[in-house]
Amino acid sequence: MCVNCPNRSLWPSVETSLVGVLGLQGDVVEHIAAMHRAGAQAIAVKTPADLERVDGLIIPGGESTTVMKLLDRFALAQPIVRRVRESMPLWGTCMGMIVIAHQVVEMEQPTLDLIDIDVRRNAFGRQNDSAEVDLSIPALGKEPFPAIFIRAPWIERAGPQVDVIAQRDGHGVMVRQDNVLGTSFHPELGDDARVHTYFLEMVRDARKHRVGKQRDVA
């Protein structure tokens, strides 16, 4: 028996991932419920202490200028940027994708600048233009994904390191750059959990990498 070997039972489980949903505005409860359906634990994140607990973060739909102000008020903007740059997976849905974008087209609006895309607000129309569209998303399988668009943005420019995973009417609506995911639509409002499962796999992969590093150090 190796007396000085690290106690393997103290290493965190790769499968035990905790996903946070930014709890300042928007579809917080819906995202938490969808993550539960995908097989993950999830909590609302309202403080920097909450953020430190989670393995990945979702920024839900809402009103982007309001959320940017709330992120500063609750001292969350810089901690989120730091965690993402340290490889924490991040997913922005609708307004959340605007918040994480590099730039909002034709608007002087601050963002977190965490994915190299330029977005246009309300590009698919206002509230009464909301629609559910069957999207082809090969990364999720052969079956079309029922995507719900509500005052949705589209992507006008995607940088060379950005993978455009899905399009609608010639514009990107689902993109990924390394550990950052963005969707124009609201997967949390439907019953299909495939996008949440996709993000959960990003979270688990990042956790596996982190746990592997911890084991190497031990």
Side-chain angles (χ1 to χ4, degrees), residues 19-32 34 44-48 50-51 54 56-85 88-131 133 147-159 162 164-169 171-177 179-190 195-196 199:
V19 176
V21 181
L22 186 67
L24 305 181
Q25 190 191 62
D27 299 329
V28 181
V29 173
E30 291 84 354
H31 267 297
I32 290 175
V45 169
K46 298 182 180 180
T47 68
D50 293 336
L51 180 66
V54 302
L57 181 68
I58 299 170
I59 300 181
E63 208 292 311
S64 56
T65 53
T66 299
V67 168
M68 285 302 300
K69 292 176 182 177
L70 291 173
L71 284 171
D72 287 334
R73 182 182 303 172
F74 287 88
L76 277 165
Q78 290 308 310
I80 289 173
V81 170
R82 174 182 58 79
R83 287 291 313 275
V84 173
R85 289 177 177 167
M88 179 188 74
L90 175 68
W91 173 20
T93 61
C94 196
M95 174 280 293
M97 189 177 74
I98 296 172
V99 167
I100 66 176
H102 171 66
Q103 180 174 277
V104 183
V105 175
E106 297 180 358
M107 294 188 70
E108 293 293 330
Q109 179 173 330
T111 69
L112 296 180
D113 194 7
L114 289 170
I115 183 169
D116 188 17
I117 58 174
D118 296 344
V119 299
R120 183 177 293 276
R121 289 181 55 172
N122 301 322
F124 287 108
R126 307 297 296 184
Q127 191 79 19
N128 59 356
D129 296 308
S130 300
V133 178
I148 299 171
F149 290 84
I150 302 173
R151 299 178 61 193
W154 69 37
I155 297 160
E156 295 214 351
R157 183 198 64 85
V162 176
V164 179
I165 299 173
Q167 297 186 49
R168 176 186 172 192
D169 299 338
H171 295 279
V173 294
M174 182 174 178
V175 290
R176 178 177 176 180
Q177 182 178 0
N179 57 316
V180 181
L181 179 69
T183 57
S184 296
F185 49 95
H186 291 266
E188 76 282 2
L189 297 182
V195 183
H196 286 82
F199 181 66

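Side-chain atoms are counted along with the backbone in the values below, which use heavy atoms only and exclude waters and symmetry mates.
- Remark: side-chain polar atoms of Asn179 are paired, donor with acceptor, to backbone N or O of Val84 under 3.5 angstrom.
- Between Leu90 and Leu114, the closest side-chain pair of non-hydrogen atoms falls below 4.5 Å.
- Leu22 CG to Leu57 CG: the interatomic distance, rounded to the nearest 0.5 Å, is 6.0 Å.
- Interatomic distance, CD1 of Ile98 versus CG of Leu112, reported as 12.5 Å (0.5 Å rounding).
- Ser64 and Gln109 share a donor-acceptor pair across their side chains, judged by distance under 3.5 Å alone.
- Nearest approach of Ile115 to Val175, heavy atoms of both residues: CD1-CG2, 3.8 Å.
- Between the CD atom of Gln103 and the CD atom of Glu108 there is a distance of 8.5 Å, given to the nearest 0.5 Å.
- Here the closest heavy-atom approach between residue Phe185 and residue Val173 is recorded as CE2-O, 3.6 Å.
- With contacts defined as side-chain heavy-atom distances shorter than 4.5 Å, the pair Thr111/Val119 does not qualify.
- Here the closest non-hydrogen pair linking Ala44 and Ile32 is N-CD1, 3.8 Å.
- To the nearest 0.5 angstrom, Gln177 atom CD is 9.5 Å from Ile100 atom CD1.
- Under the side chain to side chain contact (heavy atoms under 4.5 Å, CB included) criterion, Glu30 pairs with Asp27, Glu188, Leu189, not counting sequence neighbours.
- Rounded to the nearest 0.5 angstrom, His186 NE2 and Ile148 CD1 are separated by 8.5 Å.
- The closest side-chain heavy-atom distance from Arg73 to Leu24 is not below 4.5 Å.
- Between Cys94 and Arg151, the closest heavy-atom pair is SG-O, 4.1 Å.
- His102 is listed as a side-chain neighbour of Asp113, based on a closest heavy-atom distance under 4.5 Å.
- For Arg121 against Pro153, the heavy-atom pair with the smallest separation is CA-CB, 4.4 Å.
- Listed by first and then second residue, the salt bridge (Lys or Arg N to Asp or Glu O under 4.0 Å) pairs that reach into residues 94-106 are Glu106-Arg120, sequence neighbours excluded.
- Electrostatic pairing of Lys69 and Glu63 does not count as a salt bridge here, judged by no charged N lying under 4.0 Å from a carboxylate O.
- For the atom pair Leu181 CG and Thr93 OG1, the distance stands at 9.5 Å (nearest 0.5 Å).
- Closest heavy-atom contact between Leu71 and Val99: CD1-CG1, 4.1 Å.
- Relative ring orientation between Trp91 and His31 is described as perpendicular, the plane-to-plane angle rising above 60° on a 0-90° scale split at 30° and 60°.
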